[in-house]
K.L.:
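Structure incoming, see below.
Just so you know, these numbers come straight off a predicted model, no measurement behind them.
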Amino acid sequence: MKKILTTAILCAGLFSFTACSDFLDEKPKSQLTTVGYYTTEAQALANVNYLYRTGAIRQIASAPSAYVGSFASITGLLTGYFLNSYEGQEIVCKYSRELNRQQYTMQISGTMDGIWDACYKAINVSNAAIKSIPDIKMEEAVSTRLIGEAKFFRAFNYFYLVKTFGAVPFYTEPYVIAENMELERTATETIYAQIEADLKEATDVLPAAKFADNSHRITRYAAAMMLTSVYMQQGKYADAAQYAKIVIDSPHKLIQNDDLKMNSAFNKLRSTDDLDEVIYAQEYDNAVNTSDWFPTYAFNSSAVSVFGTYSIFERVYGPVDEFLNVYDKNDLRVQQNQFFHWEYTNPNTGATWSSKNAGCWYYYDEDALLSTGKGTKDWNIFRYAEALLDGAESIVQSQGVTAEAAGYLAQVQARADMEGKTAGQIAADLQKLSKQAFIEACWTERLREFPLEYKIWDDCVRTGKFPVISKTEAGRVYYVDLIGAQNASGATFKETDLLWPISVNEMQRNPRLTQNSGYSSK
C-alpha cells in the first residue's frame with residue numbers, strides 16, 4: 001500500500017518533482033505567500049499534503065520529546081489518573097495534574113504558543129487551498145477531492161482550537177501578512193457552524209473507501225467520524241447518531257482476537273498498520289517521518305539498561321493504579337501485554353525490566369526498540385470501536401435505549417470479554433438498563449477502550465462529568481459533576497480548568513485578544 005509519506009505516491013502519476021525525497025520536508029511557500037503559490041496542480045497537492053503532518057494532528061499524534069508527550073497527553077493529566085514521571089522538569093505536566101496552572105500562565109505560554117501557531121498555520125494553508133484550487137486547471141474530481149481534504153483539516157484545526165481555548169480568532173480567507181491576524185475572538189457558535197459546514201461537504205465529496213485503501217488520504221468516513229465528534233461535543237446527539245451510522249455501515253470493522261495473548265485484537269492494533277478498524281491515522285515510517293520517542297513511552301527510566309537503541313526512557317503518560325480498577329477482572333485489555341505491562345525480557349539479550357507501576361504496552365514498537373531505533377507504527381486517531389460507542393451513546397441520548405444501540409456497545413464489550421460471552425448475550429442485558437445507566441456504560445467503555453489514546457479529558461468536558469473509579473472494587477465506576485469534583489490527585493476542578501490560557505506572548509502580539517477567565521494576561 002502506497003503512503004502519503006513515501007516518495008512513491010508523491011512522485012506518481014501526473015505530479016513531477018525534481019527532489020522527491022525531500023518533498024514533504026519542505027515548508028509550503030503558501031505559508032508566506034498564500035494564493036501566489038497555488039498556480040499548478042502539483043503545487044495544490046503539495047500544500048494539501050502538508051496538512052497531513054502539521055497543526056492539530058501534531059498536537060495529538062506526536063512524541064516530540066523523551067520527557068513529555070504531545071499536548072493531548074498533557075490534557076489527560078488533568079484527571080490525575082495519568083502521570084508524567086518527569087513532571088519536575090516538565091512543569092506544564094505538574095501544573096496540569098495539580099489543577100493550578102492558572103497561577104503559572106507565563107510559564108506555560110510556550111506550550112500554548114505551539115498549539116496556537118501550528119493550528120493557525122494549518123488553517124491558513126487550508127484557506128488558501130480552498131480559495132485557490134477552483135481556479136487551477138485540473139480534473140474536476142481531483143479538485144473536488146483536494147478541496148474536501150482542505151475543508152476537513154480546516155475543521156479539524158478549528159475544532160482543536162475551540163476545545164482548547166474556547167472562542168478564538170476566526171477567518172476563512174488566507175492572510176499574507178501577520179497584521180491581518182490581529183482579530184478579536186469569535187463566538188464558538190459561529191466557529192462550530194463553519195466546522196459543521198466544512199465536514200458535511202467533506203463527507204459528501206470524499207471517497208467512500210477505507211483509509212488504507214485510499215492511499216492514506218482522508219475519506220468520507222474520516223470526515224463523518226470527525227463530524228460525529230463535533231456534534232457530540234455540542235450535545236447534538238441526533239445529528240451525531242446520523243453521522244456515526246455512516247461510519248458504522250462503512251467497510252470498516254472491528255478487528256477480532258485470534259487468541260487472548262499476542263494475537264489479540266489489541267496487540268494487532270499496537271503492532272500492525274492498515275487494519276480495517278482504523279478510520280484515520282497519522283502515518284509514520286523509518287525514512288521520512290518516524291514516530292520519534294513513542295516507543296520509549298512504553299517503559300520507565302530503568303529500561304535504559306535493557307535496550308541499546310534509545311538513551312532515555314520515561315513514563316510520560318502512565319496510568320496510576322486507581323485507573324486500572326476501571327476494568328473488570330475478566331477484561332482482556334488490563335491483562336499483561338495487552339494495553340499495559342509490568343515486566344519485559346529483551347529477547348536478544350535476556351535483560352529484564354519490571355515495574356510496580358504499569359508500563360504502556362500499547363506504545364511498544366518491537367523493531368524500533370530492539371534494532372532500528374526508529375518508530376514506524378502509525379498512530380490511530382479514529383477507530384471503528386469509537387464509531388460504535390459514539391453511535392450507541394448518541395442513539396440513547398436522543399431516542400432512548402434501543403436494540404441497535406445495545407448491539408453497538410455489545411460488540412466492543414464482547415471483544416474484551418474473557419469469559420466467552422457473545423455480543424448477543426451482552427446486548428440482551430444492556431437493553432434492560434435505564435437510559436442514564438446505558439449512557440454511563442458507554443462512557444465507562446470509552447475509558448476502557450482508549451486509555452492511552454488521549455481521549456479522557458475531552459470526554460470529561462463534553463459530559464460535564466468526572467469518572468470516580470473505585471480503589472477497592474474492580475470495574476466499579478460512577479460519575480459526579482466535573483466542577484467541584486476531586487481529580488485522582490486530590491485537586492478540585494474549577495470552571496477555569498475547562499479551558500487553557502491564551503498565550504501571554506500571543507496577547508502581546510495581538511492587543512485585541514482577551515484572556516480566559518482565571519488566567520493572567522501578563
Side-chain angles (χ1 to χ4, degrees), residues 31 54-56 58-60 71-72 74-75 77-78 91-127 154-198 230 233-235 457-458 460-462 464 482-484 491-522:
Q31 289 180 44
T54 194
R58 302 302 294 175
Q59 306 307 313
I60 301 169
F71 176 70
I74 297 173
T75 66
L77 305 182
L78 293 165
I91 55 175
V92 66
C93 298
K94 182 174 185 289
Y95 298 153
S96 298
R97 182 180 61 80
E98 294 178 348
L99 302 182
N100 63 359
R101 65 198 193 282
Q102 293 85 344
Q103 303 170 35
Y104 303 102
T105 307
M106 178 60 80
Q107 288 89 332
I108 66 174
S109 278
T111 301
M112 301 300 101
D113 276 332
I115 304 160
W116 190 277
D117 293 347
C119 288
Y120 275 114
K121 187 180 294 183
I123 287 167
N124 198 52
V125 173
S126 300
N127 286 343
R154 180 167 70 181
F156 189 13
N157 281 275
Y158 269 128
F159 187 40
Y160 202 81
L161 286 170
V162 167
K163 288 191 296 180
T164 304
F165 300 109
V168 293
F170 171 71
Y171 64 106
T172 56
E173 290 288 324
Y175 68 87
V176 178
I177 56 176
E179 284 77 5
N180 289 349
M181 272 299 293
E182 290 188 0
L183 303 174
E184 296 179 346
R185 302 174 71 170
T186 299
T188 58
E189 292 82 0
T190 300
I191 303 174
Y192 269 120
Q194 185 63 57
I195 291 170
E196 291 175 19
D198 281 348
V230 169
Q233 195 76 16
Q234 299 175 84
W457 180 244
D458 276 357
C460 289
V461 175
R462 172 178 70 84
L482 179 60
I483 305 304
T492 301
F493 288 108
K494 309 171 292 299
E495 190 74 32
T496 58
D497 288 317
L498 301 184
L499 295 175
W500 291 76
I502 305 295
S503 163
V504 174
N505 302 320
E506 191 62 37
M507 295 189 69
Q508 291 173 346
R509 285 190 289 267
N510 180 2
R512 303 182 73 181
L513 290 176
T514 56
Q515 184 58 280
N516 281 329
S517 176
Y519 295 96
S520 171
S521 298
K522 57 184 178 180

K.L.:
To the nearest 0.5 Å, tell me how far I195 CD1 sits from Y158 OH.
P.N.:
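One finds 9.0 Å between CD1 of I195 and OH of Y158.
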K.L.:
Would you check if the side chain of Q234 reaches a backbone N or O of V230 as a donor-acceptor pair within less than 3.5 Å?
P.N.:
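Confirmed, Q234 side chain pairs with V230 backbone.
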K.L.:
Side chains of D497 and Q102: do they bring a donor and an acceptor to under 3.5 Å?
P.N.:
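The answer is yes; a qualifying pair exists.
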K.L.:
With E495, which residues qualify under salt bridge (charged side-chain N to carboxylate O under 4.0 Å, His left out), at least two apart?
P.N.:
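If we apply the salt bridge (charged side-chain N to carboxylate O under 4.0 Å, His left out) test to E495, skipping adjacent residues, there are no hits.
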K.L.:
With side chains defined as the heavy atoms from C-beta onward, is the minimum distance between F156 and S126 less than 4.5 Å?
P.N.:
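A side-chain contact under 4.5 Å is absent here.
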K.L.:
How far apart are the closest heavy atoms of N124 and P174, and which atoms are they?
P.N.:
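For N124 versus P174, the nearest heavy atoms are OD1-CA, 3.4 Å.
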K.L.:
Locate the shortest heavy-atom distance separating A122 from T54; write the atom from each residue and the value.
P.N.:
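Closest approach of A122 to T54: CB-CG2, 3.9 Å.
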K.L.:
Let me see the working for L99 and F493 under side chain to side chain contact (heavy atoms under 4.5 Å, CB included), right down to the final yes or no.
P.N.:
CA-CA 7 Å; L99 302 182; F493 288 108; 3.6 Å; yes
K.L.:
Does any non-hydrogen side-chain atom of F170 lie less than 4.5 Å from one of Q194?
P.N.:
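SC-SC contact between Q194 and F170 confirmed.
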K.L.:
Rounded to the nearest 0.5 Å, what's the gap from CG on D458 to NZ on K163? Could you check?
P.N.:
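Nearest 0.5 Å value for the CG-NZ distance: 3.5 Å.
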K.L.:
Closest approach of I74 and S96, non-hydrogen atoms and distance?
P.N.:
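Heavy-atom minimum between the residues: CG2-OG, 3.5 Å.
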K.L.:
Quick one: are Y160 and C119 in side-chain contact, heavy atoms under 4.5 Å?
P.N.:
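Yes, side chains in contact.
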K.L.:
Sub-3.5 Å donor-acceptor pair from the side chain of S503 to the main-chain atoms of M112, do we have one?
P.N.:
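Answer holds: no.
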K.L.:
Can you name the nearest heavy-atom pair linking Q59 to A118, along with the distance?
P.N.:
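For Q59 and A118, the tightest heavy-atom pair comes out as NE2-CB, 3.7 Å.
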K.L.:
Looking at every heavy atom in both M507 and T514, which two are closest together, and how far apart are they?
P.N.:
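Where M507 meets T514 most closely, the heavy atoms are CE-C, 3.7 Å.
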K.L.:
In chain order, what residues pass the side chain to side chain donor-acceptor pair (under 3.5 Å) check against N505, with sequence neighbours excluded?
P.N.:
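Scan of N505 (side chain to side chain donor-acceptor pair (under 3.5 Å), adjacent residues dropped) gives D113.
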K.L.:
Is there side-chain contact between K121 and N157, with at least one heavy-atom pair below 4.5 Å?
P.N.:
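Side-chain contact under 4.5 Å: no.
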K.L.:
What are the two closest non-hydrogen atoms of L183 and L513, and how far apart are they?
P.N.:
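Smallest heavy-atom distance, with atoms named: O-CD2, 3.8 Å.
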K.L.:
Examine W457 together with F71 and report whether their ring centres are nearer than 6.0 Å.
P.N.:
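No, the ring of W457 stays outside the 6.0 Å limit from the ring of F71, centre to centre.
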K.L.:
Under 3.5 Å, is there a donor-acceptor pair between the side chain of Y104 and the main chain of I91?
P.N.:
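Side chain of Y104 to backbone of I91, a donor-acceptor pair under 3.5 Å: no, none is there.
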K.L.:
Tell me whether E184 is salt-bridged to R512, with the criterion being a basic N under 4.0 Å from an acidic carboxylate O.
P.N.:
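So E184 pairs with R512 through a salt bridge.
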K.L.:
Would you be so kind as to tabulate the donor-acceptor pairs closer than 3.5 Å made by side chains of residues 515-522, with sequence neighbours excluded?
P.N.:
from : atom 1 : to   : atom 2 : distance (Å)
Q515 : OE1    : I502 : N      : 2.8
Q515 : NE2    : I502 : O      : 3.0
Q515 : NE2    : S520 : O      : 2.9
N516 : OD1    : R185 : NH1    : 3.1
N516 : OD1    : R185 : NH2    : 2.7
N516 : ND2    : F165 : O      : 3.1
N516 : ND2    : W500 : O      : 2.6
Y519 : OH     : R101 : NE     : 3.4
Y519 : OH     : R101 : NH2    : 3.3
Y519 : OH     : T496 : O      : 3.3
Y519 : OH     : L499 : O      : 2.8
S520 : OG     : K522 : N      : 3.1
S520 : OG     : K522 : O      : 2.6

K.L.:
When rounded to the nearest 0.5 angstrom, what distance separates CD in Q508 from CG in N510?
P.N.:
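Here the rounded value is 11.5 Å.
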K.L.:
Kindly determine whether L498 and I483 satisfy side chain to side chain contact (heavy atoms under 4.5 Å, CB included), including the steps that lead there.
P.N.:
CA-CA 9 Å; L498 301 184; I483 305 304; 4.0 Å; yes
K.L.:
What's the verdict on side chain to side chain contact (heavy atoms under 4.5 Å, CB included) for Y171 and I123, showing C-alpha distance, side-chain angles and the deciding distance?
P.N.:
CA-CA 9 Å; Y171 64 106; I123 287 167; 4.2 Å; yes
